[in-house]
Amino acid sequence: MQSEQYDRQLTPSQKKAVSHIEGPLLVIAGPGSGKTRVITYRIAALIDSSVLPKNICAITFTNKAAEQMRQRTDALGTPTGAHISTFHSLCVRILRQYAAQANIKSNFSIYNDSDQTRCIKQATKDCGIDKKNFPPSRCLNTISSLKNSLIDTEPFEAQADDFFSKTLSKIYNRYQQILTENNALDFDDLLTKTAILLHKNKTVCSQLSNRFKFLLIDEYQDTNHAQYTIAKELASAHNNICATGDPDQSIYRWRGADIRNILDFENDWPDAVTIKLEENFRSTPNILEAADKLISKNKNRKQKVLIPTKPKGHDISVTSFDDEHEEALGIADQIKKLIKQKTTLNDIAIFYRINAQSRSLEEAFIKNKIPYQIIRGVEFYNRKEIRDMLAYLKVLANPADQIALLRVINTPARGIGKTTITKVLNFAASHKISLFDGLKKVEQISSLSKAPKTKIAVFVNMLEQFKADSSGKVGPLTERIFIESGLQNSFKAAGSEGSDAIENVNELINAIHAYDQQTEEPSLVDYLQQISLFSDTDTYDPSGQRIALMTLHAAKGLEFENVFIIGVEEGLLPHERSADDDDELEEERRLLFVGITRAKANLNITYARYRTIRGQFLRTIPSQFLFELGIDITPSDSELPEDHHDDGYYYDESTSQLPPQFKKNQLVRHEVFGLGRVQKYNDMGENSTATVKFNTGHIKTLMLKYTKLEKIKNL
DNA sequence: AAAACATACATTTTT
DNA sequence: TGTATGTTTT
């Protein structure tokens, strides 16, 4: 690429960011400011100034973003060879290369959520702890945040001084032990082990930071402490770190993302140059004005402006509906109108807070014959048949992977039942060998009769044969397993129910063939480690003529002409779990901000007055964010509820004045829920709400004009 | 050992 | 509400 070429295509500040080659650089860039463009051109500019591509490492937030960046740098005429990937993929690569130094085996399995849950349940059980007091999800969350803060088992054990921490420490220890026994790492381990390796092993650290002389990190606002450490270590030798991000778009706090990483960049790298990109090339001024109004309500924030460059467009629209079905049908109607106006379907996206909200949309779209695609986390890889197939591959790649082995040992049914497995497990435990080795020594297990022994021998023999065929390309092996394991036949026998499964496995096989062709040195271990980091979000096809449905989180980094954001109601957006924490509430606000700023031309916000939540038809409360956006949500008389008094809400016609105000901790009484304390009061004029924790344990957000809350004096 | 049934349980967002 | 696990039946 010639420098004149990007001269014409970049604004002055973008150009400045591109041409600042050496030393630490922070690019604070608002939405739609051409941030990705800057990184892409920067890679090209580095290569222009004769930096070798292999010395460049760019880190993106998703695989999808990495893929796009590769394509774009290629399009600029850049030779391929720059390492562009997510943090997790980079870590897999590093850990495999330096497995010995990291004290692991390079053929490790990567455990996902459900694998983790199994391990944590086992760990809790092994420690003799009641899972009712220490629920798996809670333990996993805590352990995850420990790992993200780089707190290993020993230091945690040392600092644990209360009952909860001490018990959790036991579980944490055993959990890590189980992972080691299975030769497995969880998602957090990938980051943690890499961070610790880089931090402790100066040889490895200097080798890698010499390999990656230029480090570029996108979406820096969403890095957690482990990722931060990795970045810092990798850049330690040369200081050539370029981070880009937008604190207002930080939406992954729950995953350990620490917004301070970006806010403190200038402290961490004292000679850092900071460039702000505040011009927005994506949205109309109308949309940006709304976005700014909303985000300004965040207190913990550096002031930033969004400068529109587009001409004035349509105002944002807010529509209310009776319930989620009406909402979906209403949107379908609007979309049909858009289609009549020659809008193409891939110019339309619908965002929601939680995946469950997609259901009513699907129904409405099927009814109206509108083509759509749902962008969801890991749908495909969560299918039973896919997980079964992958489990076979995992066992071959990593025989120590007991979870995978237990999954396939009797799938399809081959007469190796629970009692048999328990006997082998006991044998393996008493001889301190893995389950797989136990199966191999089945002849020595005296408690087993002849029939199960033979069945196990046949199974082991089958795996050994697969194993002999497991080097090089993965596709042929997968096909062989599908047939010879008996899985295909079991699906055929299941009739119409199994035909979907066969189709899905065929899709998997196709994907594996594609992997074989695209990869220089395809290998089973490599394929499995890559696939573990892949999600369906990465398969979104923007060229398809379909409407995109996704969560607000998945919308990050994308843009559409027409955006619908649905279910903007208290409890949903902001989500109820953020009600009692101001930081979390601010994150919810940022989430909506991200959604709003995806829209290029038309933004439609909707909410429903009633919504079915967990099977219950409940009156909703319009989101406080609507109020903050300056949107009048006063319902007209015809919209007021008449026959739904299900949740204790009612409308008192006599209260034409403003509802009473409350202070935090005010003791109150509610007709239905009884006594409670106000946790939070939201002054929204007529639409003010109070979040109350009742003695029943329920936490409710109540709209004060509908709900009679009696103030009780403290005794 | 598999299927049928019952009951508990959680239920945000994802690499 | 739906999933996921546990229990009973065949």
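Treat the numbers as computed from the prediction; the structure is a model and nothing was measured. Order of the sequence lines fixes the chain letters, A, B, ..., with proteins taken first and strands second; residue numbering starts at 1 for each chain.
- In this structure, A:I416 reaches the sugar-phosphate backbone alone: every heavy-atom distance under 4.0 Å involves primed, P, OP1 or OP2 atoms, never a base.
- The side-chain heavy atoms of A:K384 and A:R407, taken from C-beta on, include a pair separated by under 4.5 Å.
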Are A:Y111 and A:D189 close enough, and set up right, to give a side-chain hydrogen bond (donor to acceptor under 3.5 Å, both in side chains), and what steps lead you there? CA-CA 10 Å; A:Y111 275 4; A:D189 283 336; over 6 Å; no

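- As judged by a 4.0 angstrom heavy-atom cut-off over every strand, A:N112 is placed among residues making no nucleic acid contact.
- Side-chain N/O atoms of A:N355 include none lying less than 4.0 angstrom from OP1 or OP2 on B:dT11.
- Stacking between A:H88 and the base of B:dT15 is absent under the criterion of ring centres within 5.5 Å and planes under 30 degrees.
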With both pairing distances under 3.5 angstrom for Watson-Crick or G-U wobble, and | for a partner in another strand, the correct string for DNA chain B is ||||||||||.....

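- The stretch residues 246-259 of chain A comes close to DNA chain B through A:Y252, A:W254, A:R255, each having a heavy atom under 4.0 Å from the strand.
- There is no side-chain donor-acceptor pair under 3.5 Å between A:R93 and A:S85.
- Across all strands, A:K556 comes closer than 4.0 Å to no nucleic acid atom at all (heavy-atom distances).
- With A:E569 as reference, A:R611 is the one residue of A:R609, A:R611, A:R353, A:Q624 to meet the side-chain hydrogen bond (donor to acceptor under 3.5 Å, both in side chains) rule.
- Rounded to whole Å, the separation between the P atoms of C:dA4 and B:dT13 comes to 14 Å.
- Side-chain contact, A:E327 with A:S360: no donor N or O sits under 3.5 Å from an acceptor N or O.
- Considering only side-chain N and O atoms, A:T551 lies nowhere under 4.0 angstrom from the phosphate OP1 or OP2 of B:dT12.
- Enclosure of atom NE2 in A:H199 is not indicated, since only 12 or fewer non-hydrogen atoms of other residues, nucleotides or ligands lie within 6.0 angstrom.
- At a threshold of 4.0 angstrom between heavy atoms, the contacts of A:A356 with the nucleic acid are absent.
- In terms of the salt bridge (Lys or Arg N to Asp or Glu O under 4.0 Å) criterion, A:R598 has no residue partners (sequence neighbours excluded).
- Within the structure, every side-chain polar atom (N or O) of A:N63 is placed at least 4.0 Å from both OP1 and OP2 of B:dT15.
- Side-chain contact, A:N107 with A:N183: a donor N or O sits under 3.5 Å from an acceptor N or O.
- In this structure, A:R414 reaches neither bases nor backbone, as no heavy-atom distance under 4.0 Å exists between it and the strands shown.
- When only modelled atom types and interatomic distance are considered, A:Q530 and A:D526 share a side-chain donor-acceptor pair under 3.5 Å.
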